[in-house]
Amino acid sequence: MAEGVAVAARQAGLTFRPYRPGDEQGILALFQRAYGKERSLAHWRWKFCDNPAGRQIMLAVTEAGEVVGQYAAVPAWAAKDGGRFLLSQAVESMVDARFRRGLKKPGLQATLVKRFYVEYMGPDKGAMAYGFPIPVYSRYLVRTGVCTVLHRVVQLERELPVGASGRGERPASLRYRVEQVRRFPPAVDELWRRCQHELPLAIIRDARYLNWRYADCPDVAYVKLLAIERWTGRVAGLAVLRLGIEGRPAGLLVDWLVPQRRRGLAGALLRRCHALATESGQDRMEAWFPEYASQFELLKAHGYRPKPTQYEIVVEPFRPELSREWVQGHWYYTMGDTDIF
């Protein structure tokens, strides 16, 4: 009881408000205290200031101006039935240790979430909040009434031949050539339009979004691949790779956009992904696709095996069109829909 009174007293002097220019240094200082590592200003600006879908940051600030709590999201525009909806991925939720109440009781963190919802979610604003927390944190979020769990994320994995160069393999395809690009061209928008009707709910993977997410990221050198029809020059599919992560020799298939019926195209693009991963010293491939998606079965047909991860998907819809029950079986997501990879 005494601890709760003390926390309430400390919170009484706090101001809850959205980000203001100049808050970034206080946010970065809080990140270092909360996570025990530094976050560069360049990364912060890319993630929160340069995002084409906008900025969503709720802060707890002391009377002295110190940032002691944050609940932030990375928004992205998504498409469903010809309409656009703003989805908000919760990221970097953090509270200074002096103001924590623990995960067993709602405290400053839960207050920040609810203030965030009031500010950024609802009609004409964010349509659904989501995240990929580990179970202990998702249980806390459910218990405090801010979201519900959809399901555990399943990862698809495939081992790669160690030491092989991949150069002796047959050409990827007679119909398609696969090129590595520095940035995604405007022609990718037409590819998205062709694929959109196959994806009941998905982040809009147009050139603007893809270039912000992968080409402009200051911390990770993503490999960006386009499959192009040899005779027409039309962009037929795309893939994004991350080669190695945190010392693990894994090739991550972080994004993928290929028409479902183009099985030959999908095979050619996957073979190129495997060859690049092998040549860079990776010993396995990993990917995330929902179990109900055709891409999940595609990768299984190419030797990938499903394995549950430590992550759960939590959601809180704010539009009736995005009910939990409907989202559960229709939302297309990949590793790139998270800030984990």
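All values below come from the heavy atoms of this structure, side chains included, with hydrogens, waters and symmetry mates left out.
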Practice prompt. Output, in order, the C-alpha distance, side-chain angles, deciding distance and verdict of side chain to side chain donor-acceptor pair (under 3.5 Å) for T334 and R205.
Written response: CA-CA 12 Å; T334 68; R205 286 159 163 80; 3.3 Å; yes
May I have the step-by-step check of side-chain contact (heavy atoms from CB on, under 4.5 Å) for R319 and M128, ending in yes or no?
CA-CA 7 Å; R319 294 283 293 273; M128 186 178 77; over 6 Å; no
TODO: Quick one: do I203 and W77 satisfy side-chain contact (heavy atoms from CB on, under 4.5 Å)? Show the steps, please.
DONE: CA-CA 6 Å; I203 287 177; W77 287 106; over 6 Å; no
Please assess I204 against Q196 for the test side-chain contact (heavy atoms from CB on, under 4.5 Å), listing each intermediate value before the final yes or no. CA-CA 8 Å; I204 297 172; Q196 180 178 348; over 6 Å; no
### Task
Could you walk me through whether R115 and Y71 pass side chain to side chain donor-acceptor pair (under 3.5 Å), step by step?
CA-CA 9 Å; R115 295 292 184 107; Y71 191 83; over 6 Å; no
>> For R39 and E92: C-alpha separation, side-chain torsions, deciding distance, then whether side-chain contact (heavy atoms from CB on, under 4.5 Å) applies.
In response: CA-CA 11 Å; R39 166 60 50 77; E92 298 177 16; 2.3 Å; yes
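The line from NE2 of H197 to CG of D81 is 13.0 Å long, rounded to the nearest 0.5 Å. Rounded to the nearest 0.5 angstrom, M121 CE and L86 CG are separated by 7.0 Å. Expressed to the nearest 0.5 Å, how far CD1 of I27 lies from CD of Q32 amounts to 15.0 Å. K80 NZ to H330 NE2: the interatomic distance, rounded to the nearest 0.5 Å, is 8.5 Å. Of the inter-residue distances, the one linking R242 atom CZ with Y222 atom OH reads 5.5 Å to the nearest 0.5 angstrom. Expressed to the nearest 0.5 Å, how far CG of L112 lies from CZ of F16 amounts to 5.5 Å.
Here the closest non-hydrogen pair linking S40 and D219 is OG-OD1, 4.1 Å. Of all the heavy atoms in L265 and A227, the pair that sits closest is CD1-CB, 3.3 Å. Across P75 and A53, no two heavy atoms sit closer than the pair O-CB, 3.4 Å. For A60 against L108, the heavy-atom pair with the smallest separation is CB-CD1, 4.0 Å. The two atoms that bring L225 and C273 nearest to each other are CD1-SG, 3.9 Å, heavy atoms only.
Every residue two or more places apart in sequence or in another chain that forms a salt bridge (Lys or Arg N to Asp or Glu O under 4.0 Å) with R33 is listed here: E66, D96. Under the ring-ring contact (aromatic ring centres under 6.0 Å, His included) criterion, F85 pairs with no residue, sequence neighbours left out. Applying the side chain to side chain donor-acceptor pair (under 3.5 Å) criterion to Q282, with sequence neighbours excluded, gives S280. Residues satisfying the side chain to side chain donor-acceptor pair (under 3.5 Å) test with D283, not counting sequence neighbours, are none. Partners of W46 according to the ring-ring contact (aromatic ring centres under 6.0 Å, His included) rule, which considers only residues two or more places apart in sequence or in another chain, are H43, W212. By the salt bridge (Lys or Arg N to Asp or Glu O under 4.0 Å) test, E119 pairs with no residue at all, sequence neighbours left out. Residues forming a salt bridge (Lys or Arg N to Asp or Glu O under 4.0 Å) with K224 (at least two apart in sequence, or on another chain): none. Evaluation of the side chain to side chain donor-acceptor pair (under 3.5 Å) rule for Y117 yields no partner, not counting sequence neighbours. A search for side chain to side chain donor-acceptor pair (under 3.5 Å) contacts involving W288 returns Q155, not counting sequence neighbours. In this view, W44 and Y19, F48 satisfy the ring-ring contact (aromatic ring centres under 6.0 Å, His included) rule, not counting sequence neighbours. In this structure F184 satisfies the ring-ring contact (aromatic ring centres under 6.0 Å, His included) test with no other residue, sequence neighbours excluded.
Distance alone, capped at 3.5 Å, places no donor-acceptor pair between the N51 side chain and the A76 backbone. Remark: the backbone N or O of G22 is paired with a side-chain donor or acceptor of E24 at under 3.5 angstrom. Side chain of R213 to main chain of G336: a donor-acceptor pair is present (N/O by atom type, distance under 3.5 Å, no hydrogens or angles).
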Review item, side-chain donor-acceptor pairs of residues 294-311, under 3.5 Å, at least two apart:
| from | atom 1 | to | atom 2 | distance (Å) |
| --- | --- | --- | --- | --- |
| Y304 | OH | H274 | NE2 | 2.8 |
| T309 | OG1 | V153 | O | 2.9 |
| T309 | OG1 | Y311 | N | 3.1 |

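A 4.5 Å side-chain heavy-atom check between L150 and Y130 finds every atom pair outside the cut-off. I245 places none of its side-chain heavy atoms less than 4.5 Å from the side chain of M335. Counting heavy atoms from C-beta on, the side chains of Q70 and I57 come closer than 4.5 Å. Between D255 and L210 there is a side-chain heavy-atom pair separated by less than 4.5 Å. Proximity of W192 to L199: side-chain heavy atoms (C-beta onward) are separated by under 4.5 Å at one or more points. L322 is not listed as a side-chain neighbour of V315, based on a closest heavy-atom distance of 4.5 Å or more.
With salt bridges taken as basic N to acidic carboxylate O contacts below 4.0 Å, none links E198 and R261. For R324 and E316, the salt-bridge test passes: some basic side-chain N is under 4.0 Å from an acidic carboxylate O.
Paired with L191 under the rule side-chain contact (heavy atoms from CB on, under 4.5 Å), one option of L226, V235, D206 passes, and it is V235. Between Y176 and the choices R230, R262, E229, the side-chain hydrogen bond (donor to acceptor under 3.5 Å, both in side chains) rule is met once, by R262.
Ring geometry for W256 versus F289: interplanar angle over 60°, hence perpendicular rather than tilted (30 to 60°).
Heavy atoms of other residues, nucleotides or ligands lying less than 6.0 angstrom from CZ of R208 number 12 at most.
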